[in-house]
S.K.: 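Pasting a structure here, questions to come.
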Amino acid sequence: MSRPFLPGLVAAFAALALGLIVAFTVGRYPVSVAELIDVLAARITGRPASVPAAMENVVLLVRGPRVLAATLVGAALAVAGTAFQGLFRNPLVSPDILGASSGAALGAVLGIYFSFGVIGIEGLAFVGGLVAVAAVYVIGSLLQSRDPVLVLVLTGVVVGALLGAGVGLVKYLADPYNQLPAMTFWLLGSLAATTLADLLPLAVPVVIGSAILLALRWRLNVMALPEEEARALGVATGKLRIAIVVAATLVTSASVAMSGIIGWVGLVVPHLARALVGPDFPRLIPTAALLGGGYLLLIDTLARTAAPVEIPLGILTAIIGTPFFIWLLAGMQRTWS
């Protein structure tokens with residue numbers, strides 16, 4: 001069903017703008033919108049800010065990196081989920097369908113187990129996600145089948161289960177007083193420790209992977225067709241599938257390495273974007289990116305303000321995402337086609 005693009009895009013921009021304003025202004029150190037504008041204008045123009053130095057530090061050094069990270073992670077997971085749902089022609093697919101999250105989780109807990117630093121843990125998580133998906137793709141390619149998409153999904157489920165068992169084994173062997181709590185906290189997802197230095201390793205793969213998916217947006221429409229029809233239209237489905245999987249895995253692995261495992265964003269947001277602008281991928285991908293960034297910003301703000309201690313993001317996205325997805329299921333027959 002065709003839907004007007006501009007109203008949906010405006011709504012997505014509004015969601016992102018609302019998320020940014022709320023994330024910067026709400027917290028234990030409240031900042032008004034006027035004070036936020038003053039701080040940002042002072043930083044852009046180079047003039048001294050008229051607000052206290054403590055407030056400027058809160059906006060630029062404490063909330064700033066976290067807000068940018070939440071925007072990137074939310075957008076990346078939403079874009080990856082959108083690409084995977086179209087590629088596998090399944091509305092229940094999420095970015096971890098091929099084992100990227102499980103591989104990243106195993107890499108992270110191994111890094112914690114061997115007492116690596118933050119960079120080492122994030123690096124192992126990133127590499128673990130890429131290696132997991134590469135293994136899934138190699139195994140799936142070796143299995144001859146008339147439906148390579150189905151084989152790839154089933155292989156991802158099996159490999160993901162194996163990697164999950166590996167995570168459980170490492171947690172069982174870990175020091176229960178120091179290492180195990182750190183592993184559990186990481187697996188539940190958080191952006192609490194984000195610094196400016198963390199943004200570049202996150203932004204580079206997310207921007208590259210998202211740019212590739214955006215460049216392939218027209219071909220994603222064709223890949224949403226059955227395999228035989230896509231080939232009949234002259235599309236090299238095998239090479240294109242590899243490109244889409246690599247790009248989506250790149251952004252997923254970078255996001256999971258930065259924030260831990262945050263579920264539901266890549267599953268729920270693509271459906272919401274589809275309800276706004278329809279199933280056409282040139283419209284769907286940018287809309288999903290905007291909505292994903294705004295959604296995770298609001299979730300992260302709630303995580304750090306709703307209770308005396310910070311609530312892990314993975315818990316909140318599940319609590320909010322489950323009823324929201326049930327509501328979306330009622331209209332999925334209309335929004336998927």
Side-chain angles (χ1 to χ4, degrees), residues 2-3 5 8-9 12 72-101 126 129-130 132-134 136-138 140-141 147-153 156 202-256 265-267 269-274 276-293 335-337:
S2 177
R3 293 175 178 81
F5 179 42
L9 188 65
L72 286 171
V73 170
L77 292 175
V79 167
T82 300
F84 277 135
Q85 287 180 6
L87 178 64
F88 296 123
R89 303 185 294 276
N90 190 328
L92 299 178
V93 165
S94 61
D96 57 356
I97 187 65
L98 298 184
S101 295
F126 180 69
L130 295 179
V133 175
V136 168
Y137 209 94
V138 170
S141 300
D147 193 344
V149 172
L150 178 60
V151 170
L152 202 59
V153 171
L202 170 66
V204 171
V206 166
V207 170
I208 293 175
S210 300
I212 293 173
L213 292 174
L214 192 60
L216 296 174
R217 60 194 183 278
W218 299 104
R219 295 182 179 272
L220 270 167
N221 280 337
V222 180
M223 291 298 289
L225 299 173
E227 186 83 8
E228 295 78 8
E229 294 184 26
R231 289 178 178 175
L233 292 174
V235 175
T237 55
K239 295 180 179 179
L240 184 56
R241 187 180 299 112
I242 292 175
I244 295 171
V245 167
V246 168
T249 300
L250 190 65
V251 300
T252 301
S253 298
S255 301
V256 174
V265 178
L267 176 62
V269 173
H271 289 284
L272 183 58
R274 196 174 287 110
L276 287 176
V277 299
D280 187 27
F281 281 95
R283 300 179 174 189
L284 190 58
I285 289 178
T287 304
L290 295 171
L291 286 176
T335 61
W336 186 250
S337 59

S.K.: Could you work out, with side-chain contact (heavy atoms from CB on, under 4.5 Å) as the rule, every residue matching Ala78, not counting sequence neighbours?
M.R.: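 In terms of side-chain contact (heavy atoms from CB on, under 4.5 Å), with neighbours along the sequence ignored, Ala78 is linked to Val269, Ala288.
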S.K.: Does any part of the side chain of Phe5, heavy atoms only, come nearer than 4.5 Å to the side chain of Leu276, both counted from C-beta?
M.R.: no
S.K.: Run the side chain to side chain contact (heavy atoms under 4.5 Å, CB included) check on Leu240 and Met223 step by step: do they pass?
M.R.: CA-CA 8 Å; Leu240 184 56; Met223 291 298 289; 3.3 Å; yes
S.K.: Measure the spacing between CG of Leu284 and NE2 of His271 and express it to the nearest 0.5 Å.
M.R.: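 Answer rounded to 0.5 Å: 10.0 Å.
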S.K.: Roughly how far, to the nearest 0.5 Å, is the CG atom of Leu77 from the CG atom of Leu267?
M.R.: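 The CG atom of Leu267 sits 11.5 Å away from the CG atom of Leu77.
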S.K.: With sequence neighbours left out, write down each residue that passes salt bridge (charged side-chain N to carboxylate O under 4.0 Å, His left out) with Arg241, or none if nothing qualifies.
M.R.: Glu227
S.K.: Taking distance alone, no hydrogens or angles, what donor-acceptor pairs closer than 3.5 Å link side-chain atoms of residues 92-99 to residues at least two apart or in another chain?
M.R.:
unit_1: Ser94; atom_1: OG; unit_2: Asp96; atom_2: OD1; d: 2.4

S.K.: Closest approach of Gly266 and Gln85, non-hydrogen atoms and distance?
M.R.: O-NE2, 3.7 Å
S.K.: State, to 0.1 Å, how close Val151 and Gly140 come at their nearest heavy-atom pair, and which atoms those are.
M.R.: CG1-O, 3.8 Å
S.K.: Compare all side-chain heavy atoms of Val251 with those of Val79 and state whether any distance is below 4.5 angstrom.
M.R.: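 In short, these two side chains do not touch, never coming nearer than 4.5 Å.
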S.K.: Got a second to check how far Thr249's OG1 is from Ile242's CD1, nearest 0.5 Å?
M.R.: 11.5 Å
S.K.: Any idea which heavy atoms bring Thr252 and Ala80 closest together, and the distance?
M.R.: OG1-CB, 3.3 Å
S.K.: Identify each donor-acceptor pair in which a side-chain atom of residues 205-221 lies under 3.5 Å from a protein atom, sequence neighbours left out, and give them as a table.
M.R.:
unit_1: Ser210; atom_1: OG; unit_2: Val206; atom_2: O; d: 2.8
unit_1: Arg217; atom_1: NH1; unit_2: Leu214; atom_2: O; d: 2.6
unit_1: Asn221; atom_1: OD1; unit_2: Phe281; atom_2: N; d: 3.0
unit_1: Asn221; atom_1: ND2; unit_2: Asp280; atom_2: OD1; d: 2.6

S.K.: Is any side-chain heavy atom of Tyr137 closer than 4.5 Å to one of Val246?
M.R.: no
S.K.: First locate atom CG of Leu202, then atom CG of Leu72, and finally report the distance between them rounded to the nearest 0.5 Å.
M.R.: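 Spacing of CG (Leu202) from CG (Leu72) equals 5.0 Å.
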S.K.: Could you work out, with ring pair (Phe, Tyr, Trp, His ring centres under 6.0 Å) as the rule, every residue matching Phe88, not counting sequence neighbours?
M.R.: Phe84
S.K.: What is the distance from atom CG of Leu9 to atom CG of Leu290, rounded to the nearest 0.5 Å?
M.R.: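 It comes to 6.0 Å.
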S.K.: Output all residues satisfying side-chain contact (heavy atoms from CB on, under 4.5 Å) with Ala132, sequence neighbours left out; order by chain, then residue number.
M.R.: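 Partners of Ala132 by the side-chain contact (heavy atoms from CB on, under 4.5 Å) criterion, ordered by chain and then number, come out as Leu163.
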S.K.: Could you state the interatomic distance from OG1 (Thr82) to CZ (Arg274), rounded to the nearest 0.5 Å?
M.R.: 6.5 Å
